[in-house]
Amino acid sequence: MKFKKALALGLAAALTISLAACGGSKGGDKEKSGSDSSEKKSDYSVAMITDTGGINDQSFNQSAWEGLQELSKETGAEVNYIESKQVSDFVTNLERLGDKGATLLWGVGYACADAIEEAAQSNPDLQYAIVDNAYENTPDNVTGVMFRAQEPSFMVGYVAGKTTETNQVGFVGGIASGLIDQFQYGYEAGVQYAAKELGKDIKVSVQYAESFSDAAKGKAIASKMYSEGCDVVYHAAGGSGTGVIEAAKEADKWVIGVDRDQAYLAPDNVLTSALKLVGKAVKEVSLDAMNGGEIGGQTLTYGLKEECVGIPEEHGNMPEGVYEETLAVADKIKSGELTAPSTEDEYNEFVAK
């Protein structure tokens, strides 16, 4: 039996209003530009290309755009984006934004890595940045932005382990990669950490949609997990994850969101979300560059210590006491007492202990 709170409905309404206010492109627009500030003006221009998940992916593309909108409101900087429908669009879209006078150009998602590197080599006078990618040899005019996604994933895994009544939980990934390993193994470790505290065995089912934009595939995978006994499923699948959330609603089971607080998508079914505050990092890095900071040639990493990952404060759907216990776990990660694994080898070492 699920723990439900009426407060979640009020939160959903508030979040819906907030999202409507900051918006993005509507009706399939591929390009969006302009400044959201009528009082401040700036010659600085920041632009971004999405990966194939699109600007309204309810995940990191949308969060990045919201961060740029906040930058525009606070500084008057011009902000702009182009949606990429396929990988072959990346280089062309970067060129289009560069031609429009962008000073700093972002690629959102590791899939943009090759395109960013190519564009940076062709345009050494422009500054580039990328979310979720670290280059072995970072070009002088490129900044990588990474997150310790295993940390919030460990937290929500702990919540899942403390919440499950069937002792079966699931994980749905987008496309398998070293990046998504952070989400998977951090989550699995958190589940097992909770299981050890509770003195019981909890099974974690894992499957990948092989896409960050196929909501139907995400829904089919999650529906099967729920029908086979999972009562909590965590997704790290971008647009495919919206299908996971739909499956949770239909099965009346728990789902854990990713990247941003996704409670507004299913107030009665989103248990919590693993926050990766892409928008905050994009805004901070852009502001640093705008103020003359030397941001190129390096990779910046954000996690709990930098207050760029975590879980939402709203926790009305959690069993009593679990939120506070989870924050205590987060404190152990911050202090270094506990290290959330980010790879299979690290996970195996973690559970062996």
Side-chain angles (χ1 to χ4, degrees), residues 60 132 134 145-164 167-173 177-206 230 232-236 254-262 270-278 280-281 299-315 317-353:
F60 61 99
D132 285 343
V145 173
M146 295 288 289
F147 297 84
R148 294 188 295 277
Q150 66 270 25
E151 295 178 354
S153 296
F154 190 101
M155 294 172 69
V156 300
Y158 182 81
V159 172
K162 287 284 188 170
T163 303
T164 180
N167 295 331
Q168 296 183 61
V169 301
F171 173 83
V172 179
S177 68
L179 175 66
I180 303 303
D181 281 352
Q182 296 177 331
F183 293 88
Q184 177 187 334
Y185 293 113
Y187 175 69
E188 289 194 67
V191 171
Q192 299 310 326
Y193 193 76
K196 183 175 181 181
E197 283 190 0
L198 295 169
K200 62 182 183 180
D201 294 326
I202 301 176
K203 178 185 176 182
V204 183
S205 299
V206 176
C230 291
V232 184
V233 174
Y234 172 41
H235 84 86
W254 292 123
V255 64
I256 296 175
V258 75
D259 291 340
R260 61 209 309 272
D261 186 351
Q262 295 188 313
V270 174
L271 180 59
T272 186
S273 297
L275 302 181
K276 189 174 77 172
L277 304 182
V278 173
K280 179 178 180 180
T299 297
L300 305 173
T301 305
Y302 298 88
L304 279 169
K305 288 183 178 179
E306 295 78 18
E307 298 184 349
C308 272
V309 302
I311 60 175
E313 290 184 9
E314 162 56 33
H315 54 278
N317 284 339
M318 289 188 197
E320 185 176 355
V322 170
Y323 177 73
E324 291 75 17
E325 292 172 350
T326 306
L327 294 187
V329 168
D331 287 339
K332 290 182 179 180
I333 295 174
K334 287 181 183 179
S335 70
E337 179 183 346
L338 188 61
T339 300
S342 61
T343 67
E344 184 176 10
D345 287 343
E346 291 176 0
Y347 171 75
N348 289 334
E349 182 180 350
F350 180 87
V351 296
K353 294 179 179 179

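Within the 4.5 Å cutoff, side-chain heavy atoms of F183 are placed close to those of D259. The side-chain heavy atoms of S205 and F171, taken from C-beta on, include no pair separated by under 4.5 Å. Side-chain contact between V156 and I311 is present, with heavy atoms from C-beta onward closer than 4.5 Å. You'll find the side chain of V159 stays beyond 4.5 Å of the side chain of Y323, heavy atoms only.
For K203, the NZ atom is loosely surrounded, since the number of other residues' heavy atoms within 6.0 Å does not exceed 12. Shown here is E307, whose CD atom has no more than 12 heavy atoms of other residues, nucleotides or ligands within 6.0 Å.
Between G157 and Y187, the shortest heavy-atom contact is CA-CD1, 3.3 Å. Heavy atoms only, all atoms of each residue included: V309 and L304 are closest at CG2-N, 3.2 Å. Between C308 and K280, the closest heavy-atom pair is SG-CD, 3.8 Å. Nearest heavy-atom pair, L198 versus G161, reported as atom, atom and distance to 0.1 Å: CD1-O, 3.5 Å. Of all the heavy atoms in R148 and T301, the pair that sits closest is NH1-CG2, 3.6 Å. The two residues P312 and S273 have their closest heavy-atom pair at CD-O, 3.2 Å.
Between K276 and D132 there is a salt bridge, with a side-chain nitrogen of the basic residue lying less than 4.0 Å from a carboxylate oxygen of the acidic one.
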request  = Could you go through the side chain to side chain contact (heavy atoms under 4.5 Å, CB included) check for Q262 and H235 one step at a time?
outcome  = CA-CA 11 Å; Q262 295 188 313; H235 84 86; 2.9 Å; yes
query = Could you go step by step and tell me if W254 and T164 meet the side chain to side chain contact (heavy atoms under 4.5 Å, CB included) rule?
reply = CA-CA 9 Å; W254 292 123; T164 180; over 6 Å; no
task = Run the numbers on M318 and T163 for side chain to side chain contact (heavy atoms under 4.5 Å, CB included), then give the verdict.
result = CA-CA 7 Å; M318 289 188 197; T163 303; 5.5 Å; no
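A donor-acceptor distance shorter than 3.5 angstrom exists from the side chain of E346 to the backbone of S342, with no hydrogens or angles considered. Checking side-chain atoms of E151 against main-chain N and O of G303 turns up no donor-acceptor pair under 3.5 Å. For Q192 (side chain) and I202 (main-chain N/O), a donor-acceptor pair under 3.5 Å exists by modelled atom type. A donor-acceptor pair is defined here as one N or O able to donate and one able to accept, closer than 3.5 Å; no such pair exists between the side chain of Y185 and the backbone of I180.
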Below 3.5 Å, can you tabulate the donor-acceptor pairs from side chains in residues 324-334 to any protein atom, sequence neighbours excluded?
| from | atom 1 | to | atom 2 | distance (Å) |
| --- | --- | --- | --- | --- |
| T326 | OG1 | V322 | O | 2.7 |
| K332 | NZ | Y193 | OH | 3.4 |

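Rounding to the nearest 0.5 angstrom, the gap separating the CG atom in D181 from the OH atom in Y347 is 13.0 Å. If you take CD on E197 and NZ on K162, they are separated by 4.5 Å, rounding to the nearest 0.5 Å. Taking OG1 of T299 as the reference point, atom CE of M146 lies at 7.5 Å (rounded to 0.5 Å). In this structure, CG on D201 lies 12.0 Å from CD on Q168, to the nearest 0.5 angstrom. If you take OG1 on T343 and CD on E349, they are separated by 9.0 Å, rounding to the nearest 0.5 Å. Taken from OH in Y302 to CZ in F147, the straight-line distance is 7.5 Å, to the nearest 0.5 Å.
Note on ring orientation: taking the six-membered ring where Trp is involved, the planes of F154 and F350 are perpendicular (angle over 60°, cut-offs 30° and 60°).
Under 3.5 Å, the side chains of E320 and H315 contain no donor-acceptor pair of N or O atoms.
In this structure, E188 has no salt bridge (Lys or Arg N to Asp or Glu O under 4.0 Å) partners at least two apart in sequence or on a different chain.
Of the candidates V169, L271, V270, L271 is the only one forming a side chain to side chain contact (heavy atoms under 4.5 Å, CB included) with I256.
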